[in-house]
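Since the structure comes first, as structure tokens, the remarks are kept for the end.
Letters A, B, ... are given to chains in the order of the sequence lines, protein chains preceding strands, and every chain is numbered from 1.
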Amino acid sequence: MKIPADFDAEIWSVVAEIPAGRVATYGQLARLIGMPGHARRAGRALAMAPEGLPCHRVVNSQGRTAPGWTGQRELLAAEGVRFRANGCVDLSASGWEEIG
DNA sequence: CGAGTGACTGCCA
DNA sequence: TTGGCAGCCACTC
């Protein structure tokens with residue numbers, strides 16, 4: 001286990017910092033906790049994330065939502081997140097730390 | 001120890 | 001701007 005248990009905790013902590021109406025990428029979360037390149041581990045951390053976590057505000061670099069999880073897109077839309085014509089999140093407009 | 005997999009990422013056409 | 005391909009890293013069989 002190269003990845004410490006704190007990894008998931010750190011990811012969840014960063015995810016909890018994501019403001020409503022904004023979205024972050026797995027790579028961004030991994031980078032913010034000081035572990036760039038571990039985006040896949042970040043995704044796995046969200047896969048086992050608790051319900052109280054706004055994991056729906058996390059998408060991949062393409063702005064795509066999690067497979068097998070259609071509610072995520074609806075939750076983001078309810079937060080005020082904008083979407084592109086293809087149904088992907090508009091990271092250029094709703095991306096976290098991309099505005100302020 | 002080797003091969004396969006995934007809520008990923010970056011480059012090229 | 002969009003779609004296809006290869007690389008990455010840890011977990012599982």
Open item on the list: What's A/Q62 touching, base or sugar-phosphate or nothing? Going by heavy atoms closer than 4.0 Å.
Closed with: base
Open item on the list: When you compare the side chain of A/I11 with that of A/L32, does any pair of heavy atoms fall below 4.5 Å?
Closed with: no
Task: Distance in angstrom units between A/W69 CH2 and B/dG6 P, rounded - done: 19 Å
Open item on the list: Just the rounded figure in Å: distance from C1' of C/dC11 to CE of A/M48.
Closed with: 12 Å
Open item on the list: Tell me whether the side-chain N/O atoms of A/N86 come closer than 4.0 Å to OP1 or OP2 in C/dT1.
Closed with: no
Task: Which residue lies more 5' along DNA chain B, comparing A/R31 with A/V58 via nearest heavy atoms - done: A/V58
TODO: State, yes or no, whether a side-chain contact exists between A/V14 and A/W96 at a heavy-atom distance under 4.5 Å.
DONE: yes
Task: A/S61 side-chain proximity, nearest of C/dT1, B/dG10, B/dA7 - done: B/dG10
Task: Side chain of A/R40 - closest among B/dA7, B/dT9, B/dG6 - done: B/dG6
Open item on the list: Looking at C/dG3, which nucleotide sits across from it as a Watson-Crick or G-U wobble partner, both distances under 3.5 angstrom, or is there none?
Closed with: B/dC12
Task: A/W12 side chain near A/P50 side chain, heavy-atom distance below 4.5 Å - done: yes
- [ ] Would you indicate which nucleotide in B/dG6, B/dA7, C/dT2 comes nearest to any side-chain atom of A/C55?
- [x] B/dA7
Task: Residue from A/L76, A/V59, A/L91 passing side-chain contact (heavy atoms from CB on, under 4.5 Å) with A/V81 - done: A/L76
Task: From B/dA7, C/dC9, B/dT9, nucleotide with atom closest to A/H38 side chain - done: C/dC9
- [ ] Tell me what A/A39 touches on the nucleic acid: a base, only sugar-phosphate, or nothing, going by heavy atoms under 4.0 Å.
- [x] sugar-phosphate
- [ ] Round to a whole Å and report the spacing from CG of A/D8 to P of C/dA10.
- [x] 13 Å
Task: Nucleotide C/dA10, atom P - distance to CZ of A/F7 in whole Å - done: 10 Å
Task: Euclidean distance, atom CZ of residue A/R64 to atom C1' of B/dG10 [Å, nearest integer] - done: 18 Å
Task: Spacing of A/R84 atom CZ relative to C/dG3 atom C1', expressed in whole Å - done: 14 Å
Open item on the list: I need the CG-P distance between A/L29 and B/dA7, as an integer number of Å.
Closed with: 16 Å
Task: Any side-chain heavy-atom pair of A/I18 and A/V23 under 4.5 Å - done: no
- [ ] Find the distance A/N60:CG to B/dA7:C1' and express it as a whole number of Å.
- [x] 8 Å
